[in-house]
Amino acid sequence: MFKHAYSVATWLALCNLRSVGIPGLLSSWSFKCFQTKAAQIKGKFVKAGWEEENYEDGVKWKVLEHKGPYFAPPYEPLPDDVKFYYAGEPMKLSQATEEVATFYGKMLDHEYTTKEAFQKNFFHDWREVMTAEEHKKIKHLHKCDFSEIHKYFVDKNEARKALPKEEKQKLKKETEKIQEEFGYCILDGHQEKIGNFKTEPPGLFRGRGDHPKMGMLKKRIMPEDVIINCSKESKVPEPPAGHKWKEVRCDNTVTWLASWTENIQGSIKYIMLNPSSKLKGEKDWQKYEIARRLKDVVDKIRAQYRTDWKSREMKKRQRAVALYFIDKLALRAGNEKEEGETADTVGCCSLRVEHINLHSNLDGKENVVEFDFLGKDSIRYYNKVPVEREVFKNLRLFMENKDPADELFDRLTTTILNKHLQDLMDGLTAKVFRTYNASITLQQQLKELTSEDDNVAAKILSYNRANRAVALLCNHQRALPKTFEKSMQNLQTKISNKEEQLAEIKKELKKAKTNLKANKDEKSKKEVEKKKKLKERIEEQLMKLQVQATDKEENKQIALGTSKLNYLDPRITVAWCKKYGVPIEKVYNKTQRDKFAWAIAMADEDFEF
DNA sequence: TCTCGGACTTGTACCTAGCACT
DNA sequence: AGTGCTAGGTACAAGTCCGAGA
């Protein structure tokens, strides 16, 4: 069974994930420790430190000890001089009502508060926490005046920013202390960083896109809501004074330390480990190994779905066309979702007739499918894609006699699709195609774009371009940064300044050369050398700036982070860095290096995805 | 086979520390 | 020293996929 193909021992052996083997002494599994160790043994990965764990099926850990979540600070009532007005009259609110009012007041200059659904949901939930008296009096949102509340928080924020250095230092120390106390756990004798150790503070729910629940009240999480997960023999975290946990359990088949149910969607929220942890890293590695196995069978799978386009079974045809989209366009699976509970977004299997347009001929191309739909996070997917004739014909067939709001693949669900994929390859699901296509694209693009004799800056531009190709494929967009135009202009100014500088120095160099010809003395010679060096330096600086500008322009609406963090096998990057002598820090920042520590230790320059 | 809860990954928006500038 | 500005974190929403139970 694939699931258990990688024992912890193998993994540790491979990446040398380890800590110093002094019993009873904790050590963190940090990059630093890694780097030195990896350097020492260079290429050979030796298992040490971590005991060879014999985990049974599905068991994730043996010992887990932590401090529980850090709770949001209690509500601080407004000072008396900050007033809420109803219908023009000042009104003192009960503490609970006031707290919810501040949630709205804080957001006053956010676009959310102008939306009808937001206002409606907020007002409804707000009225629920009001006292009978308040409830009776406060009947219309438009008669509520939160402006003093709003101003109070704006001022407070500014005051905080203007704090003297020492005060800021003090605050920083305090957050560090909290991080220290709650931010780590002990897992099988090793200290691991926790990802999110704080409960989410109360506030107003901000959905993405056109979310029907936007503005609803997100309730304060109390210890009584929280389930603690830790090992039996370890010390159970202490709940805050006067409180109890909802439950303390010991389930070592899951990776979370604490959980609670959130009141908006009724879904569960978890406290889990940081991506740098062994648990997460191992999972990440596995993910890419599955994608690499897809590489071996992808040709076969492609051949098969092409055959299936002509199947007599409608279900099979739909499955084959959907899979083609998932493979070619890196679409998400598209699970069905509850209508009215979330924003109306779709993925491949949930596409509706209204989301595509068929053009037999468009811009000189045949059989073009025009996609236009909102995907995850209500990000628009818009693409015009020429497709195979069979696909085109099938789509026309699928759309026959259907309303725009009908499902395109009415015989298909993600479960059906994934079951099929599972039969084709152990561990294969729809999302694996995204991982596979992203990683393979990076590798191809890097091969194509990088040239040996480029300098580091140019190589990094190539890397970013390869990364960009992937982001484009995965439709990882971002809003044009607000300051884009301005910062672009700044950069352009810098460039022209450099150019002027360069022209100047060229002139000077020429002069120096003439001088040398005339005088032929040591001093003139030195002068020429000096100017030459200066010229080279400026040329390099100019080139760097120009690269920066190109990069910036090409990147303005594309987000690289998501693919880098979630889709690109880090070993490809590590291998590329090693091969072309690019320092890894130029491509991965500290966090990324921590997350990908396993890959950094594992991959040689000849790693092939 | 259908539904739903649960666990875990993926994704963008927002915030801010700290850097490069003047 | 003050002032932008942005990279890089944090927060948390929104997906995917699995398996249990009716």
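Just the heavy atoms: all of them, side chains too, but no hydrogens, waters or symmetry mates, feed the values below. Numbers restart at 1 for each chain; the letters A, B, ... are given by sequence-line order, proteins then strands. This structure is a prediction, so every number in the text was calculated from the model and none was measured.
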Classify the nucleic acid contact of [X] as base, sugar-phosphate or nothing, counting any heavy atom under 4.0 Å across all strands shown.
| X | result |
| --- | --- |
| A/Ile379 | sugar-phosphate |
| A/Lys431 | sugar-phosphate |
| A/Tyr270 | base |
| A/Ala430 | sugar-phosphate |
| A/Asn335 | base |
| A/Glu262 | nothing |
| A/Thr345 | sugar-phosphate |
| A/Thr429 | sugar-phosphate |
| A/Thr255 | sugar-phosphate |
| A/Arg332 | sugar-phosphate |
| A/Gly334 | sugar-phosphate |
| A/Gly207 | sugar-phosphate |

Side chain of [X] only, please: which of [options] is the nearest?
| X | options | result |
| --- | --- | --- |
| A/Lys218 | C/dA13, B/dT9, B/dC8 | C/dA13 |
| A/Pro201 | B/dG11, C/dC12, C/dA11 | C/dC12 |
| A/Trp256 | B/dC8, B/dC14, B/dG11 | B/dC8 |
| A/Asn566 | B/dT10, C/dA14, C/dC18 | B/dT10 |

For the residue pair A/Ser378 and A/Asp210, confirm or rule out a side-chain donor-acceptor distance under 3.5 Å. no

Check whether any side-chain N or O of [X] sits under 4.0 Å from OP1 or OP2 of [N], and answer yes or no.
| X | N | result |
| --- | --- | --- |
| A/His110 | B/dA13 | no |
| A/Lys60 | B/dC8 | yes |
| A/Lys198 | C/dA11 | yes |
| A/Asn589 | C/dG9 | yes |
| A/Arg380 | B/dT12 | no |
| A/Lys280 | B/dC8 | no |
| A/His211 | C/dA13 | no |
| A/Gln265 | C/dA14 | yes |

Nearest-angstrom distance from the residue atom [atom1] of [X] to [atom2] of [N]:
| X | N | atom1 | atom2 | result |
| --- | --- | --- | --- | --- |
| A/Leu568 | B/dT9 | CG | C1' | 15 Å |
| A/Glu200 | C/dA13 | CD | P | 5 Å |
| A/Lys564 | C/dG9 | NZ | P | 11 Å |
| A/Leu560 | C/dG8 | CG | C1' | 14 Å |
| A/Phe197 | C/dC12 | CZ | P | 12 Å |
| A/Lys590 | C/dG9 | NZ | P | 9 Å |
| A/Tyr70 | C/dA11 | OH | C1' | 16 Å |
| A/Ile290 | C/dT16 | CD1 | C1' | 13 Å |

Is any NZ, NE, NH1 or NH2 atom of the basic residue among [X] and [Y] found under 4.0 Å from an Asp or Glu carboxylate oxygen of the other?
| X | Y | value |
| --- | --- | --- |
| A/Lys419 | A/Asp423 | no |
| A/Asp410 | A/Lys315 | no |
| A/Lys218 | A/Glu262 | no |

Given the side-chain rings of [X] and [Y], with only the six-membered ring counted for Trp, is the space between their centroids under 6.0 Å?
| X | Y | value |
| --- | --- | --- |
| A/Tyr184 | A/Phe197 | no |
| A/His476 | A/Tyr567 | yes |
| A/Phe596 | A/Tyr588 | yes |

If you assign A/Leu204 and A/Gln179 each to the DNA chain C nucleotide with the nearest heavy atom, which residue ends up on the more 5' nucleotide? A/Gln179

5′-ward residue of the pair A/Lys269/A/Thr591 relative to DNA chain C: A/Thr591

Assuming nearest nucleotide by heavy-atom distance, tell me which of A/Glu336 and A/Met272 is located more 5' along DNA chain B. A/Glu336

Pairwise 5' ranking along DNA chain B for A/Thr253 and A/Thr562, keeping only the more 5' one: A/Thr253

Looking at A/Ser231, is its backbone amide N or carbonyl O close enough to the side chain of A/Glu65 to form a donor-acceptor pair, meaning the two atoms are under 3.5 Å apart? no

